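Below is one structure; the comments refer to it alone.
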Amino acid sequence: MNFARIGVVGAGTMGQGIAEMLAAKGLEVMLIERTPERLEQAWEQIEISLDKQLEKWAITPVEKKLILSRIAKETYIHRLAECDMVIETVSEDLEIKKEVFRKLDEVCPPSTILASNTSTLSLTELAAETQYPERVIGLHFLYPVSKIHLVEIIRALQTGEDVFQTTRKFVEETIQKRGIQVYESPGFVTTRLICVLINEAMHALSERVASADDIDNAMRIGYDFHYGPLEMADRFGLDSILAAMERMFREFGDVKYRPAVLLKQMVRAGHLGTKTGQGFFRYDKDGDRI
């Protein structure tokens, strides 16, 4: 299958990153959000991301214009019928995702692959909402999308072998990332492991083992992490970490997945990380640490 146009449903942090990455790879992208205001906010963030790359001489002004020219902003979901693949990146809520997949199943022809960027939810359950469950698959990108060259390809129980092979080829040849095959399990591989590490870092902080800065420096410098676990949590969104931990705790029933009290307190206080400017650290409107 020759992929030319990809739909991205949801223009949050991950949707912005995926849309930008796809456009940088030369693909036409249709970015869908419910309101024009949200689309404009997403567009501004994509421009900020590209401007940062310009400052580092990673891209040229011409390349920036080309990337932006390949992203079409849409609020009308029926336009996705023109896409070869649609990647859903809405909030990590099962009922919201089910509704999106029901709509996608109605508007997209049977040949369109429907992928979800979910990190913890059941692909099998999402696929069951569609008339063609064999075309549903998971594509879990990691943040930041442009810098992390790994994608988890998750097979639902119903995913067709041809859909899996086509998707794997898309990941490895079209967008040139390393794809790993994962069978459905809460948190898959990356979310399951990193959330436990982040949760343990919060326990260490609440027990005053070390400061937030020193905990992060220990892992960043000692183990060559790009971000320490606490800054990583800020960038993922503390509400997203909490939702992932709660779901894995429900599914596995193991206390190692029980969210730290500090995590719950931070979310209740509205300190969600870069999206609110305040988490374990403080951030400016561009997402840079203050």
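Being a predicted model, the structure only gives us computed values, none of them experimental. Counting from 1, the numbers follow the sequence of the chain as shown.
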How is the hydrophobic cluster of Leu66 composed, in terms of its other members, when Ile, Leu, Val, Met, Phe, Trp and Tyr link through side-chain heavy atoms under 4.5 Å apart, directly or indirectly?
Val62

Heavy atoms from other residues, nucleotides or ligands near NZ of Lys52 exceed 12 (cutoff 6.0 Å)
yes

Anything under 3.5 Å between a donor and an acceptor, one on a side chain of residues 121-133, the other on a protein residue two or more places apart or in another chain? List them.
unit_1, atom_1, unit_2, atom_2, d
Ser122, OG, Thr124, N, 3.4
Ser122, OG, Glu125, N, 3.0
Ser122, OG, Glu184, OE2, 2.7
Thr124, OG1, Leu157, N, 3.0
Thr124, OG1, Glu184, OE1, 2.9
Glu125, OE2, Lys98, NZ, 3.2
Glu129, OE1, Arg102, NH1, 2.5
Thr130, OG1, Ala127, O, 2.7

For the side chain of Thr276 and the backbone of Gly273, is there at least one donor-acceptor N/O pair under 3.5 Å apart?
yes

Should Lys73 and Glu33 count as an ion pair when the cut-off is N to O under 4.0 Å?
no

Is there side-chain contact between Phe170 and Asp84, with at least one heavy-atom pair below 4.5 Å?
no

Using only atom types and a distance under 3.5 Å, with no angle test, would you say the side chain of Ser49 pairs donor to acceptor with the backbone of Gln45?
no

Does Glu92 use its side chain to pair, donor to acceptor, with the backbone of Thr120 at less than 3.5 Å?
yes

As a quick check of understanding, evaluate side-chain hydrogen bond (donor to acceptor under 3.5 Å, both in side chains) for Glu161 and Gln165, giving each step before the final call.
CA-CA 6 Å; Glu161 179 63 24; Gln165 293 299 340; 2.7 Å; yes

Any donor-acceptor N/O pair, Glu88 side chain to Val90 backbone, under 3.5 Å:
yes

Given the rule that I, L, V, M, F, W and Y join up when any side-chain heavy atoms are under 4.5 Å apart, are Ile87 and Val182 in one cluster?
no

Please confirm whether the backbone N or O of Glu231 pairs with a side-chain atom of Asp216, one donor and one acceptor, at under 3.5 Å?
yes

Cation-pi check, Arg235 to Tyr227: give yes when NZ or CZ is under 6.0 Å from the six-membered ring centre and within 45° of the ring axis, no otherwise.
yes

May I ask you to decide if Asp288's main-chain N or O and Asp286's side chain share a donor-acceptor pair within less than 3.5 Å?
no

Please determine whether the number of non-hydrogen atoms from other residues, nucleotides or ligands lying under 6.0 Å from atom NZ of Lys103 exceeds 12.
no

In Å, rounded to the nearest 0.5 Å, how long is the span from CZ of Arg5 to CG of Leu22?
13.0 Å

Looking at Thr190, is its backbone amide N or carbonyl O close enough to the side chain of Glu152 to form a donor-acceptor pair, meaning the two atoms are under 3.5 Å apart?
yes

Which atom pairs, donor and acceptor, lie under 3.5 Å between side-chain atoms of residues 250-259 and protein residues at least two apart or in another chain?
unit_1, atom_1, unit_2, atom_2, d
Asp254, OD1, Lys256, N, 3.0
Tyr257, OH, Arg192, NE, 3.0

Is it true that a side-chain atom of Thr75 and a backbone atom of Pro36 form a donor plus acceptor pair closer than 3.5 Å?
no

Whether Lys177 side chain and Val145 backbone form a donor-acceptor pair below 3.5 Å
yes

